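The figures here come from the full heavy-atom set of this structure, side chains too, leaving out hydrogens, waters and symmetry mates. Small disclaimer: the values here were computed from a predicted structure and weren't measured.
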Amino acid sequence: MSVALRNAQRAVPVRRVPLRRAVCALRAALGASRFDVGLVCASNALMQRLNGVYRHCPEPTDVLSFPFHQVEAGELPRPCCRGEYNLGDIFLGVEYIHQQCCETGEDFDDVLTVTAAHGLCHLLGYRHDTKPEWEQMYQKEVQILEELNRLTGSRLRPLTAGLF
């Protein structure tokens, strides 16, 4: 299936081909290659608007995920028909992520990929509202990023190491 990537912002250049490839590999590592994923590279203004509407927190953020299916952490959806082979949409706050990378000195493309991995985990029911949920999600992120690292020779790690 496909990863549909749309760049809905102009503030930060995004290398779309490597990002799409990475998301395809991460989706495969999650066992979800049969499912479509929408990926939107968004401005601070769009992220602020979406975050305000859906999370009642009107400020920009790095990632928002909108799952098509409601599943328990680690479960794959069980589609009834072809039109349901969709994990959902991930909005990457590329402007926000770029600003953070400028402050921390981290590589923007790497952080964008790791943030997309985080968003994919959310599409498959992973959460981080409690310490046990965070630990489960963190371990899944480590697992899929290690698979991506094996395929690409990169050294990506989850960004949420110090959350709890």
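Judged purely by atom type and a 3.5 angstrom limit, His69 uses its side chain to pair as donor or acceptor with the backbone of Glu84. The main-chain N or O of Glu59 is found under 3.5 Å from a side-chain atom of Asn51 such that the two form a donor-acceptor pair. In this structure, Asp62 contributes its side chain and Ile97 its backbone to no donor-acceptor pair below 3.5 Å. A donor-acceptor contact shorter than 3.5 Å is absent between the side chain of Arg20 and the backbone of Ser2. With Arg127 contributing its side chain and His122 its backbone, the two residues share a donor-acceptor pair below 3.5 Å.
Expressed to the nearest 0.5 Å, how far CZ of Arg21 lies from CZ of Arg15 amounts to 9.5 Å. Here the OG-CD distance, from Ser154 to Glu146, works out to 11.0 Å after rounding to the nearest 0.5 Å. Between the CG atom of Leu46 and the SG atom of Cys41 there is a distance of 11.0 Å, given to the nearest 0.5 Å. Note that the CZ atom of Arg27 and the CG atom of Leu148 stand 13.0 Å from one another [nearest 0.5 Å]. Between atom CD of residue Glu95 and atom CD of residue Gln9 there is a gap of 6.5 Å, rounded to the nearest 0.5 Å. The distance from atom NE2 of His118 to atom CG of Leu26, rounded to the nearest 0.5 Å, is 13.0 Å.
Contact check for Leu92 versus Leu112: side-chain heavy atoms found under the 4.5 Å cut-off. A 4.5 Å side-chain heavy-atom check between Asn7 and Arg16 finds at least one atom pair inside the cut-off. Residues Leu30 and Lys140 meet the side-chain proximity criterion, which asks for heavy atoms closer than 4.5 Å. Side chains of Val12 and Ser43 form no contact here, defined as non-hydrogen atoms less than 4.5 Å apart.
Of all the heavy atoms in Glu106 and Leu159, the pair that sits closest is OE2-CD2, 4.0 Å. Pro13 and Phe108 get closest at one heavy-atom pair: O-CE2, 3.7 Å. Across all non-hydrogen atoms, the minimal contact from Phe91 to Ala42 is CD2-CB, 4.4 Å. The two residues Tyr126 and Ala73 make their nearest non-hydrogen contact at CD2-CB, 3.7 Å. Residues His56 and Val53 come closest through the heavy atom pair CE1-O, 3.8 Å. Here the closest heavy-atom approach between residue Leu120 and residue Ile90 is recorded as N-CD1, 3.5 Å.
Transitive grouping of hydrophobic side chains (ILVMFWY, heavy atoms separated by less than 4.5 Å) brings Val114 and Leu87 into a common cluster. At a threshold of 4.5 Å between side-chain heavy atoms, the hydrophobic network of Ile, Leu, Val, Met, Phe, Trp and Tyr places Val3 and Val63 in one connected group. Cluster annotation: Val71 and Ile144 are assigned to distinct hydrophobic clusters (Ile/Leu/Val/Met/Phe/Trp/Tyr, side-chain heavy-atom contacts under 4.5 Å, transitive). Under a hydrophobic clustering in which Ile, Leu, Val, Met, Phe, Trp and Tyr are joined whenever their side-chain heavy atoms come within less than 4.5 Å, directly or via other members, Val23 and Val94 fall into the same cluster. Cluster membership for Leu19 and Leu64, using ILVMFWY side-chain heavy atoms within less than 4.5 angstrom, is not shared.
Residues Arg82 and Asp36 are paired through a salt bridge, judged by an N-O separation under 4.0 Å between the basic side chain and the carboxylate.
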Quiz prompt | Residues Phe35, Phe68; criterion ring-ring contact (aromatic ring centres under 6.0 Å, His included); working and verdict | solution = CA-CA 11 Å; Phe35 294 88; Phe68 186 79; 9.5 Å; no
Exercise. List the steps, then state whether side-chain contact (heavy atoms from CB on, under 4.5 Å) holds for Arg157 with Val142.
Key: CA-CA 6 Å; Arg157 301 283 304 155; Val142 166; 3.7 Å; yes
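In Arg55, the CZ atom is not crowded: 12 or fewer heavy atoms of neighbouring residues, nucleotides or ligands sit closer than 6.0 Å.
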